[in-house]
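As the structure is a prediction and not an experimental result, all values here were calculated from the model.
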Amino acid sequence: MNLILFGPPAAGKGTQAKRLVETHNMVQLSTGDMLRAAIASGSELGQRVAGIMERGELVSDEIVIELIESRLPEAEATGGAIFDGFPRTLAQAEALDIMLKGRGRKIDLVIRLKVDDQVLTERIAGRFAESGRPDDNPESFKVRLQAYNNQTAPLLPYYENAGKLVQVDGMGSIDEVAAAIDAALAACQA
């Protein structure tokens with residue numbers, strides 16, 4: 001099964017993806033984690049990505065798609081992929097569909113975590129105070145949230161029209177959100 005966790009930064013996608021990795025033997029393909037790993041490597045790609053992320057801008061489709069494609073064989077060898085933070089644009093969604101179709105695969109389900117922007121802003125300020133992650137800087141976060149609302153949220157109709165979109169209230173507890181996601185997965189597999 002291939003699943004997309006959809007929602008703005010700090011909506012809880014990473015938390016839920018990690019749980020799904022443990023309970024469903026899936027591979028989490030988190031573009032954020034992959035990009036941070038590229039930065040930590042000190043590579044030329046990592047240096048380019050660092051500047052982009054520090055400004056709160058989105059990394060180019062070409063870079064993100066290359067990172068995703070390199071991890072697909074690992075996901076295919078297990079229970080499937082959880083796409084976390086990807087796709088962000090219609091072009092990425094179309095590229096993902098083409099990439100998966102070429103491998104005899106598809107997106108089975110898209111789960112949108114619905115959350116409140118103000119709560120997200122408070123959540124990110126707390127996370128920045130704890131971790132100091134550069135991409136959690138409150139000013140960069142505002143740029144990322146605006147980019148999500150302008151560029152990524154318009155993907156909802158794309159997946160809704162394909163009959164793959166399920167909306168989950170992301171404002172509940174971690175366990176409540178997890179239960180709603182599990183119910184959506186069960187319904188998809190039925």
Side-chain angles (χ1 to χ4, degrees), residues 1-9 11-39 41 43 45-46 49 52-53 58-115 144 147-148 151-168 170 174 177-190:
M1 168 172 278
N2 289 311
L3 164 71
I4 296 173
L5 287 179
F6 198 68
K13 298 181 303 291
T15 299
Q16 293 300 327
K18 284 174 180 44
R19 185 190 65 80
L20 289 167
V21 165
E22 293 173 11
T23 60
H24 290 80
N25 196 34
M26 299 172 85
V27 173
Q28 179 186 8
L29 299 181
S30 165
T31 53
D33 289 349
M34 287 187 272
L35 292 168
R36 282 186 287 279
I39 292 168
S41 76
S43 68
L45 172 64
V49 167
I52 293 166
M53 289 178 70
L58 294 178
V59 176
S60 75
D61 288 354
E62 294 79 21
I63 291 171
V64 175
I65 290 167
E66 182 180 333
L67 288 169
I68 292 289
E69 193 163 22
S70 71
R71 298 281 310 278
L72 284 177
E74 178 186 354
E76 291 166 353
T78 64
I82 304 162
F83 295 94
D84 169 9
F86 181 85
R88 291 185 187 267
T89 64
L90 184 56
Q92 287 181 357
E94 292 169 343
L96 178 60
D97 285 346
I98 291 167
M99 189 182 341
L100 289 173
K101 186 175 181 180
R103 303 174 78 84
R105 311 274 189 215
K106 64 183 172 105
I107 293 298
D108 298 291
L109 186 63
V110 177
I111 297 177
R112 175 191 182 204
L113 299 178
K114 292 174 55 176
V115 292
R144 291 168 57 213
Y148 169 82
Q151 298 174 20
T152 308
L155 283 175
L156 293 173
Y158 178 77
Y159 288 113
E160 189 168 31
N161 291 338
K164 297 179 181 186
L165 181 67
V166 173
Q167 304 207 41
V168 169
I174 291 172
V177 174
I181 289 172
D182 287 344
L185 287 171
C188 179
Q189 294 172 330

Taking C-beta and beyond as the side chain, do [X] and [Y] meet within less than 4.5 Å on heavy atoms?
| X | Y | value |
| --- | --- | --- |
| Phe86 | Leu67 | no |
| Leu20 | Gln28 | no |
| Asp33 | Asp84 | no |

Show me the donor-acceptor pairs within less than 3.5 Å that the side chains of residues 92-102 make with the rest of the protein, sequence neighbours left out.
{"unit_1": "Gln92", "atom_1": "OE1", "unit_2": "Arg88", "atom_2": "N", "d": "2.6"}
{"unit_1": "Gln92", "atom_1": "NE2", "unit_2": "Asp61", "atom_2": "OD1", "d": "2.7"}
{"unit_1": "Asp97", "atom_1": "OD2", "unit_2": "Tyr158", "atom_2": "OH", "d": "2.4"}

[X] and [Y]: which non-hydrogen atoms are nearest, and at how many Å?
| X | Y | answer |
| --- | --- | --- |
| Pro73 | Ser70 | CD-O, 3.8 Å |
| Pro9 | Arg144 | CB-NH2, 3.4 Å |
| Val27 | Val21 | C-CG2, 4.4 Å |
| Val168 | Ala180 | CG1-CB, 3.6 Å |

Rounded to the nearest 0.5 Å, what separates atom [atom1] in [X] from atom [atom2] in [Y]?
| X | Y | atom1 | atom2 | value |
| --- | --- | --- | --- | --- |
| Met1 | Ile82 | CE | CD1 | 10.5 Å |
| Leu35 | Ile52 | CG | CD1 | 9.0 Å |
| Met53 | Ile39 | CE | CD1 | 4.5 Å |
| Asn161 | Leu156 | CG | CG | 10.5 Å |
| Leu29 | Leu3 | CG | CG | 10.5 Å |
| Phe6 | Leu113 | CZ | CG | 10.5 Å |

Residues two or more places apart in sequence or in another chain: which of them pass side chain to side chain contact (heavy atoms under 4.5 Å, CB included) with Thr15?
-> Ile174
State which residues pass side chain to side chain contact (heavy atoms under 4.5 Å, CB included) with Glu160; sequence neighbours excluded, sorted by chain then number.
-> Leu165
[X]: partners by salt bridge (Lys or Arg N to Asp or Glu O under 4.0 Å), with sequence neighbours left out:
| X | answer |
| --- | --- |
| Arg19 | Asp182 |
| Glu74 | Arg71 |
| Lys106 | Asp108 |

Verdict with reasoning, Ile68 to Met34, per side-chain contact (heavy atoms from CB on, under 4.5 Å) | CA-CA 9 Å; Ile68 292 289; Met34 287 187 272; 3.6 Å; yes
Side-chain donor or acceptor of Asn2 paired with backbone N/O of Ala81 under 3.5 Å |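 Flag set: sc Asn2 to bb Ala81 pair under 3.5 Å.
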May I ask you to decide if Pro8's main-chain N or O and Lys13's side chain share a donor-acceptor pair within less than 3.5 Å?
-> yes
Full working for side-chain contact (heavy atoms from CB on, under 4.5 Å) between Leu155 and Leu90 | CA-CA 6 Å; Leu155 283 175; Leu90 184 56; 3.9 Å; yes
